Each structure stands twice: as C-alpha cells, then as structure tokens.
Amino acid sequence: MGKYFGTDGFRGEANCNLTADHAFKVGRFLGWYYCQLKHRAGSDQPARIVIGKDTRRSSYMFEYSLVGGLVASGADAYLLHVTTTPSVAYVARTDNFDCGIMISASHNPALDNGIKFFGGDGYKLDDDRELEIEALLDATEDTLPRPSAEGLGTLVDYPEGLRKYQQYLVSTGLELEGMHVALDTANGAASTSARQIFADLGAQLTVIGENPDGLNINLNVGSTHPEALQEVVRESGAAIGLAFDGDSDRLIAVDENGELVDGDKIMYICGKSMEANGRLKKDTVVTTVMSNLGMYKALES
C-alpha cells in the first residue's frame, strides 16, 4: 500500500489533506500518461478519460480540478456527473475509454472525499501506476509537458454513458413486476438513477434518502444506517429493502420482516438461485476472506 493510496483509491478530508491542487496534479499525470501510451501505440488521438462523482459539495471542486489537469495535459475529459462507482467502471470498459475516475468517499461522511481510478478494462489501476501518481504529488516541480492551442484537451458532457449503464441493468432480466421494493439511496450517487431503474423493472417503490443537498450524504441513511430502511419496510409492507452507500458500490438488504440480510446471506441466496437456474459458472461462489464459515458450510451442503 502506498503513501496516499489505500485499498480503494485515496481519501482525505476535503480541502484539508485532500485538496483541489492534488486533484489537478492527478489530472495532469493521468492525462500525460495515457496520451503517451496512445502515441507509443501509433495513435495521434488524445486520451479519453471518463469522470463520475457523488453528491458531496466538494465533489464539484474535485471534478473541475481533475478536468483542468487532464485538459492541460492534452487529454479529453468526459463527464458523467452524479453517478455510481460501478457505472464509471462499466462505461470505461464498454465505451473504449483509457481511464475512468470516480470522485467519492463511499460511505464516509460529507466532509471527506476521495478519488478512485479504473483502467480501460474497468479494473482498478495497478500498483505501479499508483506509485507514479504519488511521486508526482510529492514532486517539488511539475516537469510534465505543457501543450497549447490544438494540443490542449477538450471537455465533453457524457450523459449517454449513464443511460447506457441504466439500460444494461434493466436488460439483465430481473423480474420485479408488482413487487413492493423499498430503496434507500443514502442521499448519494444512486439518488439520480435507482428510482428509474427499479421502476423500469416493474417494481412498486418506496424511496428514502433521495434528496441530496451536498452535506447529507450517508447522514442517518444508507448502508451504514439501515435502521431507517428497516422501519420503512415494516411500515410500508415492502417485500424487500435495499440500502446503498454514498457511491452505490455496496449494499445492505432488509427482508420482508424488516430484518437485516448481510453480505454472506445475500451471496448465499444469489448463488443458490443461480445454481438452481443453471447460471452459476463452475458452480462456484467467490468470496473475500471476511466471509463467515457458516456460509461456506451452507454452500457445501
């Protein structure tokens, strides 16, 4: 693990130990690095970087600081605006981007923020790239080239990327026609799309945590505070409740009785269902080391 990078990008208190200057430098490096890769491959086209953000007030500051650095290095920046972390990884891969960036501190409170990176394959950047970014952040002088005029990059609004991701989710074949589903979008990234996606799947909806004001992300709502959703499920009679975190890359479920269904149980239920329908590749469920022994025993049986 590097000096700035944790297991999931780098984070800090916005405008304190994670500043707009950091974001600009990161944009400068990534723009230069990916433009160089394209030129070495014989292309004269600029690198294409897609950016998403959550609803934190500071996300707007980091978004345009990143854009400034990217454009200053000759790369083209494409903005998804408020969107989920999985959508950035998906769009980076399917729309032939060189890199994807998500601005979010996930389930952390609004005063924090962070920047996550994806390669053009939709996976996180490798350790070597992260170390190069850290070296640039610590450098006393920016020695990267400074193109001008036609050498500068451009800025493109890219809402169609988010629409493609939403269409992909709806196309997965999930049948929710007439089912009462309660959602908690944590006043975060999912607040712009979850209602529409689940409505397109046919669900009857009750939604909380979908009124972000830049400061209330994860505040007493979302996957870290599922008690609000539990109460809604019990009161509304919903068949299921789903609570996302601030950037919608994690989930806590609630059953029809308002009881929590943790990650191990979710994986067991999904794995068992997929196996029964012949959709579980190699009859295998992949877990992290944090999964409970009880789940392994249940799967084995």
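These numbers come from the heavy atoms of this one structure, side chains and all, not from hydrogens, waters or symmetry mates. No experiment lies behind these values; they were computed from the predicted model shown.
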### For the student: nearest non-hydrogen atoms of L201 and L174, plus distance
CD2-O, 3.4 Å
### Message
Take a 6.0 Å sphere around NZ of K38 and say whether it holds more than 12 heavy atoms from other residues, nucleotides or ligands.
### Response
yes
### Query
Hey, does V221 have a side-chain heavy atom less than 4.5 Å from the side chain of N187?
yes
#### Entry: Those residues that, when tested against K272, pass salt bridge (Lys or Arg N to Asp or Glu O under 4.0 Å) (two or more places apart)
none
### Parallel, tilted or perpendicular: rings of F29 and W32 (30°, 60°)
tilted
### Query
Within a strict 4.5 Å, meaning less than it, do heavy atoms of the D54 and I217 side chains meet?
yes
#### Entry: Heavy-atom side-chain proximity of N257 to R234 below 4.5 angstrom
no
### Task
Mark yes or no for whether S59, through its side chain, and R57, through its backbone, hold a donor-acceptor pair below 3.5 Å.
no
### Task
Would you name the heavy atoms of G31 and A75 that are closest together and state the gap between them?
CA-CB, 3.7 Å
### Task
Evaluate the side-chain proximity of R28 to R146: yes if any heavy-atom separation is below 4.5 Å, no if none is.
yes
### Message
Under 4.5 Å between side-chain heavy atoms, counting indirect links through other Ile/Leu/Val/Met/Phe/Trp/Tyr residues: same cluster for V232 and V207 or not?
### Response
no
### Side-chain touch H225/E227, heavy atoms, less than 4.5 angstrom
yes
#### Entry: Within one Ile-Leu-Val-Met-Phe-Trp-Tyr cluster: L155 and L30, side-chain cutoff 4.5 Å
yes
### Query
Hey, mind stepping through I115 and I101 against side chain to side chain contact (heavy atoms under 4.5 Å, CB included) and telling me if it holds?
CA-CA 7 Å; I115 306 175; I101 303 174; 3.5 Å; yes
### Summary
Interatomic distance, CG@L176 vs CG@D200, rounded to 0.5 Å, equals 11.0 Å
### Task
Using the salt bridge (charged side-chain N to carboxylate O under 4.0 Å, His left out) rule, pick out the option among R11, K53, K116 that qualifies with D247.
K116
### Query
Considering all heavy atoms of both residues, which atom of N108 and which atom of R56 are nearest to each other, and what is their separation?
O-NH1, 3.1 Å
### Message
Any side-chain to backbone donor/acceptor pair from D98 onto R48? Under 3.5 Å, distance only.
### Response
yes
### Task
Inspect the surroundings of CD in E231 and state if more than 12 heavy atoms from other residues, nucleotides or ligands are less than 6.0 Å away.
no
### Task
Return the set of residues passing salt bridge (Lys or Arg N to Asp or Glu O under 4.0 Å) with R163 (not counting sequence neighbours), or none when no residue passes.
none
### Query
Under the 3.5 angstrom rule, does the side chain of N15 hit a backbone N or O of T19 as a donor-acceptor pair?
no
### Query
Under 3.5 Å, side chain of T192 to main-chain N/O of A189, donor-acceptor pair present?
yes
#### Entry: Side chain proximity check, L125 to F118, heavy atoms < 4.5 angstrom
no
#### Entry: salt bridge (Lys or Arg N to Asp or Glu O under 4.0 Å) against R93, all qualifying residues, sequence neighbours excluded
none
### Task
Considering non-hydrogen atoms only, spot the tightest contact between T83 and M102 and give its length.
O-CE, 3.1 Å
### Query
Is there a path of hydrophobic side-chain contacts, each under 4.5 Å between heavy atoms of I, L, V, M, F, W or Y residues, that connects V82 with L66?
no
### Message
Could you work out, with ring pair (Phe, Tyr, Trp, His ring centres under 6.0 Å) as the rule, every residue matching F198, not counting sequence neighbours?
### Response
none
### Y34 with F24, same ILVMFWY side-chain cluster at under 4.5 Å
no
### Path from V88 to L162 over hydrophobic side-chain contacts below 4.5 Å
no
### Query
Distance-only, no hydrogens or angles: does the Q204 side chain make a donor-acceptor pair with backbone N or O of M179 under 3.5 Å?
no
### Task
Would you please say whether a donor-acceptor pair under 3.5 Å links the side chains of H180 and T206?
yes
### Query
Between S191 and G188, which heavy-atom pair has the shortest distance, and what is it?
OG-O, 2.5 Å
### Any residue meeting salt bridge (Lys or Arg N to Asp or Glu O under 4.0 Å) with D112, in chain and number order, not counting sequence neighbours
none
### Query
Would you find a donor on one side and an acceptor on the other, under 3.5 Å apart, between the side chain of T185 and the backbone of G209?
yes
### Query
Between D121 (side chain) and Y123 (backbone), is there a donor-acceptor pair under 3.5 Å?
yes
### Task
For residues V254 and V261, report the shortest heavy-atom separation together with the two atoms involved.
C-CG2, 4.4 Å
### Query
Should Y165 and P86 count as side-chain neighbours, where that means a heavy-atom distance under 4.5 Å?
yes
### Query
Counting N and O atoms only, with roles assigned by atom type, does the side chain of H39 sit under 3.5 Å from a partner on the main chain of Q36, one being a donor and the other an acceptor?
no
### Residue pair L260 / I252, side-chain heavy-atom distance below 4.5 Å
yes
## Note on the structure
For Y78, the ring pair (Phe, Tyr, Trp, His ring centres under 6.0 Å) test, sequence neighbours excluded, returns F97, Y158
### Message
So does C270 get a backbone contact from the side chain of S273, meaning a donor-acceptor N/O pair under 3.5 Å?
### Response
no
### Query
Quick check: does any side chain N or O of D245 sit under 3.5 Å from a backbone N or O of S248, one acting as donor and the other as acceptor?
yes
